[in-house]
Amino acid sequence: MKTIKKNELFELRDFLILWSTQSISQLGSSITAFALTLWLYEKTGSSLSTAALTICSYLPYVLMSIFAGALTDRFNKKMAMLGCDVFAVFCTILTFVLFRTNHLMVWHLYILNAISGLMNTVQQPASEVAMTLIIPEKYYQKTSGLCSLSRSLISLLNPLIATALYSFAGLNGAIVVDIGSFLVAFAALLFFITIPENKSDKKENVLDLAKEGLAFLRKNPLIMTLILFMSGVNLVASAFDATLPGYVLPNPRGGSSVLGIVTSCSGVAMLIGSLIVSVLPKPKDRIRVIYLTMLFSLGTENFLLAFSREPVLWCIGQIIGWVLVPIMSANLDVILRTTIPVELQGRVYACRNTLQFFTIPIGLFLGGFMVDHICEPFMSAYGDLSILKTLFGMGKGSGAALMMFILGVSGSFICIITGKKLKKYQYNEK
């Protein structure tokens with residue numbers, strides 16, 4: 001057994017170094033992003049302003065992801081990752097300098113987040129290809145589990161560490177930790193990891209690759225319907241993300257520490273969900289599992305937060321909303337991988353990323369806009385009505401509670417309507 005373990009460690013050496021150090025860097029970046037959300041809400045008191053941070057970083061990803069996979073095929077993967085990391089940390093350092101000199105303004109953050117998002121558009125597919133190139137095929141499942149574990153841990157630890165750092169050291173502390181985590185990942189990639197190049201004789205045009213991916217989706221309505229369904233789920237979920245700070249931070253029982261705890265509950269839930277899905281048997285109907293899990297998640301979480309005033313119930317709502325996400329993701333992943341031919345998966349996934357995730361910046365904008373300009377003013381004007389006061393409370397944050405209710409109705413409607421449409425499709429797993 002010891003020899004096998006030693007052989008595995010040797011064969012997975014590059015992966016383990018890359019995975020662990022990149023996870024540390026991603027945690028550092030997430031800490032800064034969360035701290036900036038807290039700082040910006042303190043400065044503006046606006047849900048839309050804080051949501052715009054994520055919009056600016058996500059919009060380049062949505063716009064360019066359809067081409068990013070093909071673009072990264074033209075470059076050395078290691079150099080692409082290093083170059084993108086350098087640009088991203090430059091934005092972080094510039095943020096730090098502007099903050100320390102009292103020149104940091106909201107529009108600075110939007111521009112810098114957009115640049116970082118653009119770098120991530122290229123860095124992410126380069127990193128995914130690099131992982132494939134350095135992992136022996138027999139370890140795909142094992143390494144996939146490690147990657148899922150690290151994502152869950154980042155979701156769990158990020159808000160807790162960020163709020164603690166922000167409370168004791170302010171924005172300075174969060175950014176310093178981010179820069180330190182970057183240096184660890186950059187040095188490991190530069191000096192200790194060798195990434196072989198994927199030799200390909202076929203140099204296809206970027207536009208042709210995109211067209212082939214879209215053509216496949218048009219010919220496969222089940223896959224297209226699932227992708228569009230997930231775009232609707234992402235719309236509601238991202239609007240929820242934009243609403244949550246405006247719901248928790250101004251609440252008398254809320255605040256930045258409570259927001260960190262409530263947000264971290266999604267990481268706890270995903271850890272639990274990942275363990276559950278690893279032991280569940282193969283379901284009889286994967287399609288049904290996908291839309292029913294999302295109906296349960298989007299319905300119960302949003303309604304529970306809309307009508308509750310206790311942080312414990314907010315945490316329970318987050319756990320309910322996220323615990324089934326790994327189960328949904330696993331079943332969706334199986335359908336995609338078994339339906340899409342291997343030689344087309346790269347370009348189809350690139351198109352999938354654009355179609356499935358384009359609603360995230362839209363949802364972030366709508367969530368922030370609705371809270372700031374419709375729901376909060378509405379509750380300010382009519383919140384004295386007994387039914388509204390009973391359902392959503394009073395004062396700042398009651399409009400965000402109303403928005404949670406709207407999202408619960410919208411999410412349930414999307415799942416029910418799409419579920420009826422998906423019933424007519426047949427999926428036969430080989």
Asks: Measure from the ring center of F303 to the ring center of F405 and say whether it is less than 6.0 Å.
Replies: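 Close enough - the centres of the two rings lie under 6.0 Å apart.
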Asks: Without swapping roles, check the side chain of N220 against the backbone of L222 for a donor-acceptor pair under 3.5 Å.
Replies: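 Pair absent, no side-chain N/O of N220 close to backbone of L222.
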Asks: Answer yes or no: are there more than 12 heavy-atom neighbours, outside F413 itself, under 6.0 Å from its atom CZ?
Replies: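 No, the 6.0 Å shell around CZ holds no more than 12 heavy atoms from other groups.
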Asks: Answer whether the closest heavy-atom distance between the side chains of M119 and V89 falls below 4.5 Å.
Replies: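 No; the side chains remain at least 4.5 Å from each other.
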Asks: Give, for atom CG of L53 and atom OH of Y41, the distance between the pair rounded to the nearest 0.5 Å.
Replies: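 Interatomic distance, L53 CG to Y41 OH, rounded to 0.5 Å: 14.0 Å.
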Asks: Are any of the side-chain heavy atoms of L104 and L171 separated by less than 4.5 Å?
Replies: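 Yes, their side chains come closer than 4.5 Å.
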Asks: Got a sec, which residues hit side chain to side chain donor-acceptor pair (under 3.5 Å) with W322, two or more places apart in sequence or on another chain?
Replies: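 For W322 there are no side chain to side chain donor-acceptor pair (under 3.5 Å) partners, ignoring immediate neighbours.
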Asks: Mind checking what makes side chain to side chain donor-acceptor pair (under 3.5 Å) contact with S46, not counting sequence neighbours?
Replies: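 Testing S46 for side chain to side chain donor-acceptor pair (under 3.5 Å), a comparison that skips the adjacent residues, returns S49, D372.
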Asks: Could you walk me through whether L298 and I414 satisfy the side chain to side chain contact (heavy atoms under 4.5 Å, CB included) test, starting with their C-alpha distance in whole Å, then the side-chain angles of each, then the deciding distance to 0.1 Å, before giving a yes or no?
Replies: CA-CA 10 Å; L298 295 178; I414 289 171; 5.9 Å; no
Asks: Would you confirm whether K43, through its side chain, and M105, through its main-chain N or O, come within 3.5 Å as a donor-acceptor pair?
Replies: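 Here the side-chain-to-backbone pair does not exist.
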Asks: So V258 and W314, do their side chains get closer than 4.5 Å, heavy atoms only?
Replies: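 Yes, side chains in contact.
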Asks: Once the angle between the rings of F369 and H373 is folded into 0 to 90°, is it parallel (under 30°), tilted (30 to 60°) or perpendicular (over 60°)?
Replies: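 Aromatic pair F369/H373 classed tilted.
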Asks: Using distance alone, with no hydrogens and no angle criterion, decide if D178 and T32 have a side-chain donor and acceptor under 3.5 Å apart.
Replies: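 A donor-acceptor contact under 3.5 Å links the two side chains.
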Asks: Evaluate the criterion side chain to side chain contact (heavy atoms under 4.5 Å, CB included) for residue pair R352 and I223; output intermediate values, then yes/no.
Replies: CA-CA 9 Å; R352 184 276 309 268; I223 303 300; over 6 Å; no
Asks: Keeping S329 on the side-chain end and P326 on the backbone end, is there a donor-acceptor pair under 3.5 Å?
Replies: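 No, because the side chain of S329 does not come within donor-acceptor range (under 3.5 Å) of the backbone of P326.
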Asks: Start with the C-alpha distance between F182 and V177, add both sets of side-chain angles, then the distance that settles side chain to side chain contact (heavy atoms under 4.5 Å, CB included), and finish with yes or no.
Replies: CA-CA 9 Å; F182 156 79; V177 169; over 6 Å; no
Asks: Looking at S116 and N113, would you say the former's side chain and the latter's main chain have a donor-acceptor pair under 3.5 Å?
Replies: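 No.
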Asks: Between S57 (side chain only) and G117 (backbone N and O only), is there a donor and an acceptor less than 3.5 Å apart?
Replies: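 Side chain of S57 to backbone of G117: no pair is present.
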Asks: Would you mind reporting whether L249 and L38 have side-chain heavy atoms less than 4.5 Å apart?
Replies: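 Heavy-atom side-chain distance check passes, below 4.5 Å.
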Asks: Does Q26 reach the main-chain N or O of I154 with its side chain, forming a donor-acceptor pair under 3.5 Å?
Replies: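 Between the backbone of I154 and the side chain of Q26 there is no qualifying donor-acceptor contact (under 3.5 Å).
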Asks: Write down the atom of L228, the atom of S231, and the distance for their closest heavy-atom approach.
Replies: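 In this case the closest contact between L228 and S231 is O-OG, 2.5 Å.
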Asks: My understanding is that only residues two or more places apart in sequence, or in another chain, count here; which of them pass side chain to side chain donor-acceptor pair (under 3.5 Å) with S20?
Replies: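 For S20, no residue satisfies side chain to side chain donor-acceptor pair (under 3.5 Å) once neighbours in sequence are set aside.
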Asks: Are side-chain heavy atoms of F296 and I320 found at a separation under 4.5 Å?
Replies: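 Touching, per the 4.5 Å side-chain cut-off.
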Asks: Where the side chain of H108 meets the backbone of V106, is there a donor-acceptor pair that is under 3.5 Å apart?
Replies: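 The answer is no, because no donor-acceptor pair under 3.5 Å joins these two groups.
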Asks: Say whether, by atom type as modelled, one donor and one acceptor occur between the side chain of Q356 and the main chain of M230 under 3.5 angstrom.
Replies: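 Checked: no pair found.
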Asks: Does any part of the side chain of Y291, heavy atoms only, come nearer than 4.5 Å to the side chain of L295, both counted from C-beta?
Replies: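 No, their side chains stay 4.5 Å or more apart.
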Asks: Say whether, by atom type as modelled, one donor and one acceptor occur between the side chain of S25 and the main chain of T21 under 3.5 angstrom.
Replies: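 A pair under 3.5 Å: no.
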Asks: Would a 4.5 Å heavy-atom cut-off, applied to side chains only, mark I195 and D14 as touching?
Replies: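 Heavy-atom side-chain distance check fails, nothing below 4.5 Å.
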Asks: Could you state the interatomic distance from CD (Q22) to CG (L27), rounded to the nearest 0.5 Å?
Replies: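 Answer rounded to 0.5 Å: 12.5 Å.
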Asks: If you look at every heavy atom in C265 and Q318, which pair is closest and at what distance?
Replies: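 It is CB-CB, 3.8 Å.
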Asks: Between Y166 and W39, is the ring centre distance below 6.0 Å?
Replies: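 Centroid distance Y166-W39: not below 6.0 Å, so no.
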Asks: Could you tell me which non-hydrogen atom of M403 sits nearest to which non-hydrogen atom of M370, and how far apart they are?
Replies: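 Heavy atoms of M403 and M370 come nearest at SD-CB, 3.5 Å.
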Asks: Any idea which heavy atoms bring L305 and G317 closest together, and the distance?
Replies: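 Shortest heavy-atom contact: CD1-CA, 3.8 Å.
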Asks: Got a second to check how far M328's CE is from I290's CD1, nearest 0.5 Å?
Replies: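 The CD1 atom of I290 is 7.5 Å from CE of M328, to the nearest 0.5 Å.
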Asks: Evaluate L259 against T163 for side chain to side chain contact (heavy atoms under 4.5 Å, CB included), listing each step before the verdict.
Replies: CA-CA 8 Å; L259 178 62; T163 50; 5.7 Å; no
Asks: I need the minimum non-hydrogen distance between Y247 and S308, along with the two atoms involved.
Replies: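 Smallest heavy-atom distance, with atoms named: OH-O, 2.7 Å.
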Asks: What's the spacing between N302 CG and M404 CE if we round to 0.5 Å?
Replies: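 CE of M404 is found 6.5 Å from CG of N302.
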Asks: Can you tell me how far apart CD1 (I24) and CH2 (W19) are? Round to the nearest 0.5 Å.
Replies: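 Reported value, rounded in 0.5 Å steps: 9.5 Å.
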Asks: Mind checking the CG-CE spacing from N234 to M294? Nearest 0.5 Å is all I need.
Replies: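 The CG atom of N234 sits 10.0 Å away from the CE atom of M294.
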Asks: Between K78 and T194, is there a donor-acceptor pair closer than 3.5 Å when you use the side chain of the first and the backbone of the second?
Replies: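 A pair under 3.5 Å: no.
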Asks: On a heavy-atom basis, which atom in A35 and which in A162 lie closest, and how many Å separate them?
Replies: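 Distance-wise, the nearest heavy atoms are N-CB, 4.4 Å.
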Asks: Less than 4.5 Å apart, side chain to side chain, heavy atoms only: is that true for T300 and L304?
Replies: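 Contact flag for T300/L304 side chains = no.
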Asks: Surrounding CZ of F99 (heavy atoms of other residues, nucleotides or ligands, distance under 6.0 Å), is the total greater than 12?
Replies: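 Atom CZ in F99 is crowded, with more than 12 foreign heavy atoms closer than 6.0 Å.
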